[in-house]
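Okay, so here's the structure we're looking at.
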Amino acid sequence: MSIILNLLLFIVILGVIVFVHEAGHFILAKLNGVYVYEFSIGMGPRIWGFKKGETDYNIRAIPIGGFCAMAGEDLDDDDAKKIPKNKRLQAKKPWQRFLIMLFGPMNNFILAVILLFFIALIWGGTTLNPVITGVEKGSAADIAGLENGDKVLKINKHKISTSDDITLYLALANPKKKNNFYIERDGKKEVIKVKPTEIKQGDKKSYKYGISIMQKKTYGLGSAFVYMYKKTCSIFKQMWVTVEAMFTGGIKLSQLSGPVGIYSIVGQQSKAGVANILYLIAFLSINVGFINLLPIPAFDGGHILFIVIELIKGSPVNPELENKIHTIFLFLLMLLMLVVTFNDILRLF
């Protein structure tokens with residue numbers, strides 16, 4: 001029964017994130033007079049829907065992704081259906097197309113900000129101070145000399161602003177060597193080198209520093225705004241550092257997670273209560289918005305990139321060429337998704 005409930009929750013969470021994202025494109029497309037063929041949540045065969053005006057509104061069988069199909073994305077289809085040229089996407093001014101592409105990710109960010117504020121207002125936020133509040137006796141951190149109350153300023157070359165930064169940079173640090181903790185203790189600054197302890201469980205290895213960072217709860221309207229701002233910035237930073245690490249080799253392809261990995265996280269968070277589920281939605285929503293803004297064809301950021309190229313060269317990029325490039329990259333992204341999903345499945349067994 002729990003498997004079914006987790007699956008339903010997984011579908012709802014992804015559905016909300018996709019709906020909000022595609023609604024951003026849809027609303028701006030309609031406001032700017034672009035013909036919208038279909039607004040769909042999910043992929044694959046249609047299982048339910050209706051038509052209102054020019055647009056089909058559908059729910060499809062595979063609960064991953066969704067789309068807002070606009071005139072101008074398939075030129076042959078536009079011609080066959082005799083869509084007026086002034087209602088096609090490529091006929092709109094660059095700033096209009098920019099807003100249409102931008103507001104998918106922007107809606108994701110807006111959703112996340114609202115949820116983070118709501119969580120802090122109802123259940124309380126946290127201070128996010130990068131202060132060590134616990135050191136396990138006999139652990140690597142204890143032996144190296146870290147103490148309760150130490151404020152972490154830097155880890156190796158990376159500046160630490162929040163407790164999330166500590167988790168992030170320790171995850172990216174080389175566990176086979178000593179890592180530099182730049183700390184402040186009783187007003188004095190010093191550097192402590194810590195090499196984590198390797199822990200083996202069967203074929204799997206993990207590394208333990210032996211520190212904990214318990215955050216003080218904050219309540220009230222003002223504190224909710226502060227938490228919302230700090231946490232949003234923190235998640236953005238995590239995404240930026242993670243994407244950078246993917247390109248520099250700091251994160252391997254095998255470490256990425258896809259839908260199956262997200263399903264596993266949903267199962268864990270569902271046991272921790274409503275606040276954790278809402279936080280997961282906010283976190284994933286920022287992830288989706290951030291990734292979509294990357295200047296890679298097939299993403300919203302890729303469409304924005306072509307708009308920027310158009311402004312630089314003074315004329316539009318050939319629509320057929322642009323569509324072919326987006327199609328090629330979409331195919332490559334689907335291959336990447338298959339590889340990531342395969343790795344997720346392997347981790348389950």
Side-chain angles (χ1 to χ4, degrees), residues 12-115 281 284-286 288-295 297-311 316-317 319-320 322-323 326-327 330:
V12 169
I13 288 173
L14 285 191
V16 168
I17 293 169
V18 170
F19 174 81
V20 167
H21 180 92
E22 297 303 332
H25 295 313
F26 175 80
I27 292 169
L28 267 293
K30 288 287 190 178
L31 287 175
N32 286 283
V34 176
Y35 190 100
V36 179
Y37 290 112
E38 180 179 350
F39 180 88
S40 179
I41 302 301
M43 308 294 283
R46 175 182 178 274
I47 58 175
W48 182 83
F50 62 92
K51 185 166 185 175
K52 185 176 181 181
E54 67 193 29
T55 306
D56 283 307
Y57 300 87
N58 295 321
I59 294 177
R60 295 181 174 271
I62 304 173
I64 299 173
F67 57 89
C68 176
M70 296 175 278
E73 296 177 311
D74 186 333
L75 302 181
D76 292 335
D77 204 27
D78 296 337
D79 291 336
K81 294 183 178 179
K82 298 180 181 179
I83 305 299
K85 290 190 175 182
N86 68 329
K87 297 203 73 176
R88 302 182 187 185
L89 185 63
Q90 71 267 23
K92 301 302 175 180
K93 295 178 180 178
W95 67 266
Q96 292 174 301
R97 283 179 277 134
F98 173 82
L99 289 177
I100 291 169
M101 293 303 153
L102 178 66
F103 262 80
M106 282 301 298
N107 261 19
N108 286 128
F109 300 149
I110 292 168
L111 171 64
V113 165
I114 292 171
L115 288 178
I281 296 173
L284 292 176
S285 195
I286 289 177
V288 169
F290 187 95
I291 292 297
N292 267 280
L293 279 180
L294 294 177
F299 288 150
D300 298 326
H303 289 279
I304 291 172
L305 176 63
F306 279 102
I307 294 171
V308 173
I309 292 172
E310 175 184 336
L311 292 173
V317 177
E320 291 184 1
E322 180 180 344
N323 286 345
H326 287 305
T327 301
L330 180 61

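This chain uses plain numbering: 1 for the first residue, then up along the sequence.
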Shortest non-hydrogen contact from Gln90 to Gly72?
OE1-CA, 2.9 Å
Pairs satisfying salt bridge (charged side-chain N to carboxylate O under 4.0 Å, His left out), at least one member in residues 92-102, at least two apart
Arg97-Glu310
With sequence neighbours left out, which residue pairs that include part of residues 90-113 fulfil the ring pair (Phe, Tyr, Trp, His ring centres under 6.0 Å) condition?
Phe109-Phe236
side-chain contact (heavy atoms from CB on, under 4.5 Å) for Val317 and Ile307? Distances and angles first, verdict last.
CA-CA 8 Å; Val317 177; Ile307 294 171; over 6 Å; no
Sequence neighbours left out, what passes ring-ring contact (aromatic ring centres under 6.0 Å, His included) with His303? Give chain and number order.
His326
CG (Leu99) and CD1 (Ile304) are apart, to the nearest 0.5 Å, by 9.0 Å
Identify, with sequence neighbours excluded, every residue that meets salt bridge (Lys or Arg N to Asp or Glu O under 4.0 Å) alongside Lys30.
Glu54
Check side-chain contact (heavy atoms from CB on, under 4.5 Å) between Lys51 and all other residues, then give those that pass, not counting sequence neighbours.
Asp56
side-chain contact (heavy atoms from CB on, under 4.5 Å) involving Leu31 - partner list, sequence neighbours excluded:
Ile27
Are Arg60 and Phe67 side-chain neighbours, meaning at least one heavy-atom pair lies under 4.5 Å?
yes
Applying side-chain contact (heavy atoms from CB on, under 4.5 Å), name anything that partners Ile110, two or more places apart in sequence or on another chain.
Asn107, Ile114
Closest heavy-atom contact between Ala91 and Asn86?
CB-CA, 4.2 Å
Measuring from Phe39:CZ to Tyr57:OH, what's the distance to the nearest 0.5 Å?
8.5 Å
N/O donor to acceptor pairs below 3.5 angstrom from side-chain atoms of residues 13-23, sequence neighbours left out:
{"from": "His21", "atom 1": "ND1", "to": "Gly104", "atom 2": "O", "distance (Å)": "3.4"}
{"from": "His21", "atom 1": "ND1", "to": "Asn108", "atom 2": "OD1", "distance (Å)": "2.7"}
{"from": "His21", "atom 1": "NE2", "to": "His25", "atom 2": "NE2", "distance (Å)": "3.1"}
{"from": "His21", "atom 1": "NE2", "to": "Asp300", "atom 2": "OD2", "distance (Å)": "3.0"}
{"from": "Glu22", "atom 1": "OE1", "to": "Cys68", "atom 2": "N", "distance (Å)": "3.2"}

Those residues at least two apart in sequence (or on a different chain) that pass side-chain contact (heavy atoms from CB on, under 4.5 Å) with Ala71 are Tyr35, Tyr37, Asp78, Ile83, Arg88
Would you give the length of the straight line joining atom CG of Asn32 to atom CD1 of Ile100, rounded to the nearest 0.5 angstrom?
4.5 Å
Shortest non-hydrogen contact between Gly289 and Pro105, atoms and distance
O-CB, 3.5 Å
With rounding to the nearest 0.5 Å, note down the distance linking CE in Met101 to CG in Leu305.
12.5 Å
Between CD1 on residue Ile291 and CG on residue Leu293, distance to nearest 0.5 Å
9.5 Å
Counterpart residues, side-chain hydrogen bond (donor to acceptor under 3.5 Å, both in side chains), relative to Asn58 (two or more places apart)
Glu38, Arg46
Report yes if some heavy atom in the side chain of Ile286 is under 4.5 Å from a heavy atom in the side chain of Leu111; otherwise report no.
no
